[in-house]
Enquirer: 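Got a structure here, written out as structure tokens. Questions coming.
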Amino acid sequence: GIAAGVPDNSLAAIRKAVEMGADMVELDVRTTKDGHLVLMHDKTIDASTDGTGEVADYTLEQLRSFNMDRAGVVYLEEGKPVQVPTLEEALRECKDKIYINLDLKHIAVPADLVKVIQNTGMQDQVMLFCGGKAAEEYQRLDSSIALHPYIDTSSDADQYARYDAAKLFQYGFYDWLECNPLAKEVRAKGRLTYSNILNYDAQTLAGNHIYIDRFIESETDYIQTDYCELIAAYLRKKGLR
């Protein structure tokens, strides 16, 4: 959602995020019918391509027969339609440029995901958005790949204290909105926090900074936004970037 016309989870969106000065990009991963890992937010391909149906019902080759679009308009690069990228292609695009928050929508074989990250040498640039048993499995497979669990309270982070990989915790926007001290409490435990301001991007665009100021006051470490260039400029103005 970083720019009008650019499809979500495309290589073009990654390049745009880098160009606009983002520190991290969120990518959604799913497994195809033949076991390949590709980027796709929804269970179906309807919203991101000119095709229909579920990712899990297509082989990679079949999936590549569709063109990526945004709001029904096929996206072109150098005059040619772009296709759904594999995870490996996305990681190589991000290498040495930007951190990645990998939202694990549907991963058939966790070891396959870890292997792609290892083979591309991206262990220190990737954070896996998962918790519970999935977090335990990825910790076992490669504890050098950071975990990124969701928490509702600062005490929820304690269950991951024994996980070296659990470095960043996401929490709901309502906590910083209501001035709850969750982020500060997690920081006191030596961990980082992550939340979103997506619901209030429109206000920031309109010049109303009350919400971004409240976010800053929460001391949350990472801000998720569709307008990173705007937010980054405001943070620089405040001497925070």
Side-chain angles (χ1 to χ4, degrees), residues 1-3 8-9 13-14 16-29 39 41 90-91 94-105 117 122-131 135 138 144-154 156-157 160 163-205 209-241:
I2 197 167
D8 291 329
N9 283 289
I14 293 172
K16 181 61 70 172
V18 173
E19 176 188 329
M20 296 178 74
D23 299 303
M24 182 184 294
V25 63
E26 181 192 40
L27 305 175
D28 304 286
V29 189
L39 303 191
H41 181 276
L91 294 183
C94 293
K95 192 170 179 63
D96 299 325
K97 300 174 186 174
I98 194 168
Y99 289 104
I100 306 160
N101 170 14
L102 276 187
D103 192 341
L104 310 182
K105 296 295 189 183
I117 296 172
M122 291 288 284
Q123 295 96 315
D124 62 350
Q125 280 183 247
V126 171
M127 296 181 181
L128 305 180
F129 181 45
C130 63
Y138 286 109
S144 70
I145 302 173
L147 300 177
H148 172 29
Y150 187 93
I151 58 174
D152 289 309
T153 66
S154 62
D156 288 345
Y160 299 101
Y163 294 6
D164 293 336
K167 302 180 184 301
L168 178 69
F169 293 91
Q170 182 170 345
Y171 71 93
F173 71 91
Y174 41 83
D175 280 300
W176 63 259
L177 185 62
E178 297 175 2
C179 301
N180 292 338
L182 189 152
K184 296 175 184 177
E185 292 171 356
V186 172
R187 176 177 287 181
K189 299 175 188 289
R191 306 292 185 174
L192 302 174
T193 53
Y194 175 107
S195 191
N196 80 74
I197 198 169
L198 300 174
N199 301 66
Y200 302 96
D201 274 340
Q203 285 87 343
T204 306
L205 274 171
H209 298 119
I210 183 174
Y211 296 105
I212 181 61
D213 285 339
R214 190 170 296 179
F215 195 108
I216 291 169
E217 290 171 8
S218 74
E219 298 185 17
T220 304
D221 297 286
Y222 282 91
I223 302 174
Q224 184 181 18
T225 174
D226 280 340
Y227 297 95
C228 58
E229 188 174 37
L230 177 70
I231 297 296
Y234 186 71
L235 293 175
R236 283 193 292 271
K237 183 179 178 181
K238 302 278 284 188
L240 297 172
R241 187 175 174 83

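Note: hydrogens, waters and symmetry copies are ignored here, and every other heavy atom, side chains too, is used.
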Enquirer: Quick one: sort the Phe169 and Tyr160 rings into parallel, tilted or perpendicular, breaks at 30° and 60°.
Expert: tilted
Enquirer: Please check if atom OH in Tyr99 has more than 12 non-hydrogen atoms from other residues, nucleotides or ligands closer than 6.0 Å.
Expert: no
Enquirer: Spell out, as yes or no, whether a donor-acceptor pair under 3.5 Å connects the side chain of Trp176 to the backbone of Glu219.
Expert: no
Enquirer: Test side-chain contact (heavy atoms from CB on, under 4.5 Å) on Ile212 and Thr225 and set out the steps.
Expert: CA-CA 11 Å; Ile212 181 61; Thr225 174; over 6 Å; no
Enquirer: Between CD1 of Ile197 and CD1 of Ile216, what distance do you get to the nearest 0.5 Å?
Expert: 8.0 Å
Enquirer: Which atom names give the shortest non-hydrogen contact between Ala146 and Lys167, and what distance separates them?
Expert: CB-CD, 4.0 Å
Enquirer: Check for a donor-acceptor pair, side chain of Ser195 on one end and backbone N or O of Tyr171 on the other, with a separation under 3.5 Å.
Expert: yes
Enquirer: Going by heavy atoms in the side chains, are Tyr227 and Thr204 under 4.5 Å from each other?
Expert: no
Enquirer: Does Val186 reach the side chain of Ile151, with side-chain heavy atoms less than 4.5 Å apart?
Expert: yes
Enquirer: So, for Asp221 and Arg187, which heavy atoms are closest and what is the spacing to 0.1 Å?
Expert: OD1-NH2, 2.8 Å
Enquirer: To check you understand the geometry: which heavy-atom pair defines the closest contact between Ser218 and Ala183, and what is its length?
Expert: O-CB, 3.3 Å
Enquirer: Between Tyr200 and Phe215, is the side-chain contact (heavy atoms from CB on, under 4.5 Å) condition met? List the steps.
Expert: CA-CA 11 Å; Tyr200 302 96; Phe215 195 108; over 6 Å; no
Enquirer: Under the criterion side-chain hydrogen bond (donor to acceptor under 3.5 Å, both in side chains), which of Asn180, Thr220, Thr193 is the partner of Asp175?
Expert: Asn180
Enquirer: Is the shortest side-chain heavy-atom distance between Leu177 and Asn199 below 4.5 Å?
Expert: no
Enquirer: Which atom pair, heavy atoms only, marks the closest approach of Cys94 to Ile14?
Expert: SG-CG2, 3.6 Å
Enquirer: Using the ring of each side chain (for Trp, its six-membered ring), is Phe129 parallel, tilted or perpendicular to Tyr150, with breaks at 30° and 60°?
Expert: perpendicular
Enquirer: Just wondering, do Leu147 and Tyr138 contact through their side chains at under 4.5 Å, heavy atoms?
Expert: yes
Enquirer: Measuring from atom CG of Asp23 to atom CZ of Arg241, what distance do you get when rounded to the nearest 0.5 angstrom?
Expert: 4.0 Å
Enquirer: Can you see which heavy atom on Val126 is nearest to which on Ile145, and at what distance?
Expert: O-CG2, 4.0 Å
Enquirer: Looking at NE2 of His148 and CD1 of Ile100, how far apart are the two atoms once the value is rounded to the nearest 0.5 Å?
Expert: 13.0 Å
Enquirer: Do we see a donor-acceptor contact under 3.5 Å between the side chains of Thr153 and Asp156?
Expert: yes
Enquirer: Answer yes or no: are there more than 12 heavy-atom neighbours, outside Glu185 itself, under 6.0 Å from its atom CD?
Expert: yes
Enquirer: Ile223 and Ile231: which non-hydrogen atoms are nearest, and at how many Å?
Expert: CD1-CG2, 4.1 Å
Enquirer: Apply side-chain contact (heavy atoms from CB on, under 4.5 Å) to Leu192 and Tyr222, showing your working.
Expert: CA-CA 8 Å; Leu192 302 174; Tyr222 282 91; 4.3 Å; yes
Enquirer: Which of these passes side chain to side chain contact (heavy atoms under 4.5 Å, CB included) with His41: Val29, Asp28, Asp103, Leu27?
Expert: Asp28
Enquirer: Is Lys16 paired with Glu19 through a side-chain N to carboxylate O contact shorter than 4.0 Å?
Expert: yes
Enquirer: Once rounded to the nearest 0.5 Å, what's the spacing between atom CG of Asp201 and atom CD of Gln203?
Expert: 8.5 Å
Enquirer: Gln125 side chain to Ile98 main-chain N or O, any donor-acceptor pair under 3.5 Å?
Expert: yes
Enquirer: Looking at CD of Gln170 and CG of Asn196, how far apart are the two atoms once the value is rounded to the nearest 0.5 Å?
Expert: 7.0 Å
Enquirer: Asn101 and Tyr194: side-chain donor and acceptor closer than 3.5 Å?
Expert: yes
Enquirer: Report the distance from atom OG of Ser154 to atom NZ of Lys189, rounding to the nearest 0.5 Å.
Expert: 5.0 Å
